[in-house]
Structure formats: C-alpha cells, structure tokens
Amino acid sequence: MGWIGETMDSIKSIKIRQLLTQAVTLGMIVTSALIIWKGLMCVTGTESPVVVVLSGSMEPGFQRGDILFLTMTKEPIRTGEIVVFKIDGRDIPIVHRAIEVHERKTTGAVDVLTKGDNNEVDDIGLYADGQMWLHRHHIMGRAVAFLPYVGWVTIIMTEKPIIKYILIGALGLLVITSKD
Amino acid sequence: MHSFGYRANALLTFALTILAFMCAIASFSDNFSNQTPSAQIQILNINWFQEEPHGNDEVSLTLNITADLQSLFTWNTKQVFAFVAAEYKTSKNSLNQVSLWDAIIPEKEHAKFWIQISNKYPFIDKGHNLRGKDFNLTLHWHVMPKTGKMLADKIVMSGYRLPDAYR
C-alpha cells in the first residue's frame, strides 16, 4: 500500500506544478493585455481608445467591422470631427460626425448636433427624450485613425456568443494539453 | 518545436505583424503628399429669412460652390468628405458653427466641381441673432484613408453678411 501512495503522490505533485506554471503563464498573458489596454487609455485620454463600427450609418467611409482609434484632448469640439458618443441610458457607442456646434462664451460648454454621413436626417431622433444637443460629457472621443475589417472578430463574438465559448474552450484545451 | 500548431502560430503572428507594419507605412506616406486645395463660395441669393414659430431665426440661401480638391487624393485615400459651414458669433456664444451642405467625394475625378444649391441643412440660430450678422463660410474637408490616420483641414472665407430685416 505504501508504494501506491508514493506513486500517487508523485504523480499528483508533477501535475500540480505543471498546472500552476501554466496557470501563471496564462495569467501573465491576460495581465499584460490588460496593462496594454489601460496604458492606451491613459495615452489617448479616453475610456475606450478603440471602438468597432457597428452600423452602416457612416458609409462609404466607415463600414461595419472597421475599427476606429480615438483620442480625447482638451481641445474644443468643432464641426466635421467624427465623435463617438453614448446616449444616457444606452450602452452602445455611436460614431457620427458633428454638424453643428454652439460654444458658450462664458463657460466654454458646447452644444453639439451630430449626423451620420449616410443618414438622411440628423441624430435628434437618437438622443434621449427631450434632449436636443449633445454635451461634452456624452462624447467619449474623436476618431483619428482607422483600420478596415479588423473589427469583424469582435462583431462575430458579440453576435454569436457560441463562437466565443468555442474559442475559449479550444484555447483552454491547447493550454492544458501542451507539453511545456 | 516543428509541429503544425507551432508553425501555424508563427506564420500567423508574422503575417499580422507585417500587415500592421504595411498599414502604418501606408498611412505615413500620406505625410509626403503636396496638398493645394482651393475653393470659392458665393451667395447667389437669400431665398428667405424669417422667424420660426418657436422663436428661432432661420435663413435659406442659395450657394454657388466652386472647389478643386484633387490634390488631397493620394493612393491611400478612400474618400474625401467636404462640407460648408457658416460660422458666426453671438452675444451668448463665442462660436456657432452650422453645417449647410456636405458631400462625399469618392474619387479624384469628382473632386473638381462647381455646384449651385440651396442649403441642404437648415440654417437656424437658437435665438434672434441673425439679423445683420457677419459670418464666415468655411469649406472643411476630411480625408478618410484606406487605412490609418485621417486628416482634416479647412479654408475660411469671410465677409458674408445677412440682411438686416426679415424677408
């Protein structure tokens, strides 16, 4: 009985050490991704430095699935800038262009009206009930650069969560079954 | 070390890195283009100028816009978004910008144009400030690339003035 116990122990101990190393490696990968993301947030000054274009309201310039890089500087908002904003009470960021700006002399606060390039009418219909203008605190950032097609990965994972689970499952399997 | 998985992984990473590098270079090459756009805007007619029932001023203009934006196009340009905005000051606001007309120019050939239209978007002021107002008409353009950094600039044309009384 003694040697069975010994073998069992040695087997268990090897597995545990390997598992722990793999868990730590995985943890390192996840945390370094997080560090890069948070670092980007600091550098660009906005909560979400990268957004995916979800609708076709800015075609043909931005198609669904493109990604936009945002920044938010202290500079005032002017017409023509492509701004990303969230309506109170809704989660989805909207990427449209500012077509009207009124800046108050005393406070420097701005009222902004936006419209998607491909839409017929301006965004008043999208704003919350009774809201006629956007203010600076609604705006998350200005788009400064863009990459086509890269955002499709995110769109697929959001709309078909099954694929997300399959991917994570496959990655997990790979990690566990790899020999080093 | 030589399994299919490792090779596929290495290939994929290398391909993605090269792709990202090429996008960055394409965008960087835009800095070297020589850009000399020109434009002219004429107000042909003030169609009407009245006070809305909500108490805001509204004006309708017919504009004659001539522009040559061909030099803004590079091989990395997907489209140029051009728009004309009226800018003016009021007693409460240090700056008001109202977009009057915009257009998407998809190709270099269409970038040299002359059109005569009335304003696409209503020129409404929040208040009664437009009588006798001096304003600038600015042609803005926004170059949207195939990949990379977007760039925007404008030409300011000043010296326009609205009539002193409603019509």
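Both the backbone and the side chain of B/M150 come within less than 4.5 Å of a heavy atom of chain A. In this structure, chain A has a heavy atom under 4.5 Å from the side chain of B/A85, while its backbone stays farther away. For a residue to count as touching a neighbouring chain, one of its non-hydrogen atoms must lie under 4.5 Å from one of that chain's; by this rule A/D122 does not touch chain B. With a 4.5 Å cut-off on non-hydrogen atoms, B/I104 touches chain A through its side chain but not through its backbone. Using a 4.5 Å cut-off between heavy atoms, B/T138 does not touch chain A at all. Heavy-atom distances place the side chain of A/R97, and not its backbone, under 4.5 Å from chain B. For chain A, the nearby parts of B/K149 are the backbone and the side chain; heavy atoms of each come within less than 4.5 Å. For A/V144, the part sitting under 4.5 Å from any heavy atom of chain B is the backbone (N, CA, C, O) and nothing else. Of the atoms belonging to A/A143, heavy atoms from both backbone and side chain fall under 4.5 Å from chain B. For B/T90, the part lying under 4.5 angstrom from a heavy atom of chain A is the backbone only.
Here B/K146 is the residue among B/K146, B/K120, B/K154 with the most heavy-atom pairs under 4.5 Å with chain A. With chain B as partner, the option from A/I99, A/D66, A/V150 having the largest number of non-hydrogen pairs under 4.5 angstrom is A/I99. Of the residues considered (A/V101, A/V110, A/I82), A/V101 shows the highest number of contacts with chain B, using heavy-atom pairs under 4.5 Å.
In this pair, B/F83 and B/H140 present their aromatic rings parallel. The plane angle is below 30°, not in the 30 to 60° band. In this pair, B/Y88 and B/F123 present their aromatic rings tilted. The plane angle is within the 30 to 60° band.
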*Going through the checks in order, is the ring pair (Phe, Tyr, Trp, His ring centres under 6.0 Å) test met by A/F146 and A/F69?*
CA-CA 6 Å; A/F146 108 116; A/F69 296 97; 9.1 Å; no
*Run the side chain to side chain donor-acceptor pair (under 3.5 Å) check on A/N119 and A/S57 step by step: do they pass?*
CA-CA 6 Å; A/N119 291 348; A/S57 56; 4.6 Å; no
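Atom-to-atom distance recorded for B/L137:CG and B/M157:CE is 6.5 Å, nearest 0.5 angstrom. With values rounded to the nearest 0.5 angstrom, A/Y165 atom OH is found 11.0 Å from A/M157 atom CE.
For the pair A/R90 and A/Y127, the tightest heavy-atom approach, listed with the atom from each and the gap, is NH2-O, 4.1 Å.
A side-chain donor from one of B/N47 and B/S60 sits under 3.5 Å from a side-chain acceptor of the other.
Environment of NZ in A/K38: sparse, with no more than 12 heavy atoms of neighbouring residues, nucleotides or ligands closer than 6.0 Å.
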